[in-house]
Number of protein chains: 2
Amino acid sequence: MTPRHIDLPKLSESGCLATREILERIGDKWSLYVVGSLHTGPRRFNELRREVNGVSQRMLTLTLRGLERDGLVTRTVFHSIPPRVEYGLTELGRTLLEPVAVLIHWANNSRSAIEMARARYDTDKHEVSCSTCNTHRD
Amino acid sequence: MTPRHIDLPKLSESGCLATREILERIGDKWSLYVVGSLHTGPRRFNELRREVNGVSQRMLTLTLRGLERDGLVTRTVFHSIPPRVEYGLTELGRTLLEPVAVLIHWANNSRSAIEMARARYDTDKHEVSCSTCNTHRD
DNA sequence: CAGGATCCCAGTGGATACTG
DNA sequence: CAGTATCCACTGGGATCCTG
């Protein structure tokens with residue numbers, strides 16, 4: 001487990017910028033929930049609003065617009081009365097599910113470790129540093 | 001390519017919450033750059049500051065503290081004069097590189113598609129909707 | 001039903017100045 | 001060198017009200 005050198009293509013240059021754009025796309029407060037909901041099929045606006053617990057109408061709209069603009073989500077309008085709008089994942093949007101799934105696995109596997117680390121950090125005043133100085137602790 | 005059903009463990013429940021926490025961890029403005037820099041080995045504070053282009057001292061500090069608190073980064077203090085502090089990835093931090101790498105690949109592969117989608121969205125007033133109404137366009 | 005328009009607040013992050 | 005402290009601007013996001 002944990003090979004020493006992962007293939008990180010140019011994380012420190014342009015690739016990183018691209019990645020941060022992605023993270024800002026799916027890293028905002030709601031995109032992931034929306035994509036998660038859409039994963040199992042298209043939804044109407046208020047369906048999403050109910051499924052994505054806690055989202056405001058404003059943020060749902062903004063989130064969907066953003067995802068639509070980036071070609072991850074389709075928006076289909078039916079000019080019926082009452083109006084009906086359906087949102088669904090595009091091909092591109094579906095490909096996003098793969099990296100997200102990997103991330104979710106990592107999150108689930110690491111959650112306890114992270115929580116423990118946090119607890120330790122908050123308890124131990126992490127003021128230890130090296131005892132003899134000039135020597136690595138570890 | 002693009003299998004229809006990805007393994008998305010409970011994206012809509014707790015797994016999603018955990019994932020959002022992760023996204024907030026690495027999805028902030030600098031964490032990914034820092035982890036990316038640290039990927040090739042430990043760094044001193046000002047080394048990081050130089051490598052992570054554009055980061056302010058304040059944000060670098062906050063980012064490193066956060067990563068340290070979550071057990072992703074180690075901080076080793078040498079009480080020499082001048083003071084010397086080295087940051088490096090922990091085991092846990094290294095495991096994060098895997099999902100991040102997947103995400104970076106997706107980002108790089110999808111970037112042009114996303115940019116095209118954006119351009120189209122901004123040009124076409126995306127005011128098309130269905131032409132005959134009540135029928136899916138697709 | 002689907003959302004646009006407003007108002008407002010809290011948190012994020014930048015700039016600058018100071019310290020051990 | 002490696003920070004801490006302060007002040008401030010910007011924006012993400014919630015609440016509320018209004019419209020086609």
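We name chains A, B, ... by the order of the sequence lines, and we start the count at 1 in each one.
Residue B/Arg75 places at least one side-chain N or O closer than 4.0 Å to OP1 or OP2 of D/dG3. When the side-chain nitrogen and oxygen atoms of A/Arg58 are compared with OP1 and OP2 of C/dC7, none of them lie within a distance under 4.0 Å. Look at A/Tyr87 and you won't find any side-chain N or O under 4.0 angstrom from OP1 or OP2 of C/dC1.
Remark: P of C/dA2 and CZ of A/Arg65 are 12 Å apart, rounded to the nearest angstrom. Distance CZ (B/Arg43) to P (D/dA2): 13 Å, rounded to an integer number of Å. Distance B/Arg44 CZ to D/dG3 P: 10 Å, rounded to the nearest Å. Counting to the nearest Å, the C1' atom of C/dT12 and the NZ atom of A/Lys29 are 14 Å from each other. The CE-P distance, from A/Met59 to C/dG4, rounds to 13 Å in whole Å. Between the P atom of D/dA2 and the CD atom of B/Glu68 lies a distance of 15 Å, rounded to the nearest Å. The CD1-C1' distance, from B/Ile81 to C/dT19, rounds to 14 Å in whole Å. The NE2 atom of A/His79 sits 18 Å away from the P atom of C/dC1 (whole-angstrom rounding).
Side-chain proximity of B/Pro83 to D/dC1, C/dC1, D/dG13: nearest is D/dC1. Nearest to the side-chain atoms of A/Asn46 among the listed nucleotides D/dG14, C/dG13, C/dC1 stands C/dC1.
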>> Is there a salt bridge (charged side-chain N to carboxylate O under 4.0 Å, His left out) between A/Glu91 and A/Arg94? Walk through the geometry before answering.
In response: CA-CA 5 Å; A/Glu91 278 303 310; A/Arg94 268 188 286 273; 3.1 Å; yes
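Taking a cutoff of 4.0 Å between a charged side-chain nitrogen and a carboxylate oxygen, B/Arg84 and B/Glu86 qualify as a salt bridge.
In summary, the side chains of A/Tyr87 and A/Arg43 do not present any donor paired with an acceptor at a separation below 3.5 Å, with no hydrogens or angles considered.
In the interface, the side chain of A/Gln57 is not paired with the base of D/dG13 through any donor and acceptor atom under 3.5 Å apart.
Nearest-nucleotide mapping onto DNA chain D: of A/Arg49 and A/Asp28, the residue sitting toward the 5' end is A/Asp28.
Here A/Leu96 contributes atom CG and A/His39 contributes atom NE2; the two are 11.0 Å apart, rounded to the nearest 0.5 Å.
Each of B/Thr61, B/Leu60, B/Val55, B/Leu62 was checked for a side chain to side chain contact (heavy atoms under 4.5 Å, CB included) with B/Arg58, and the lone residue meeting it is B/Leu62.
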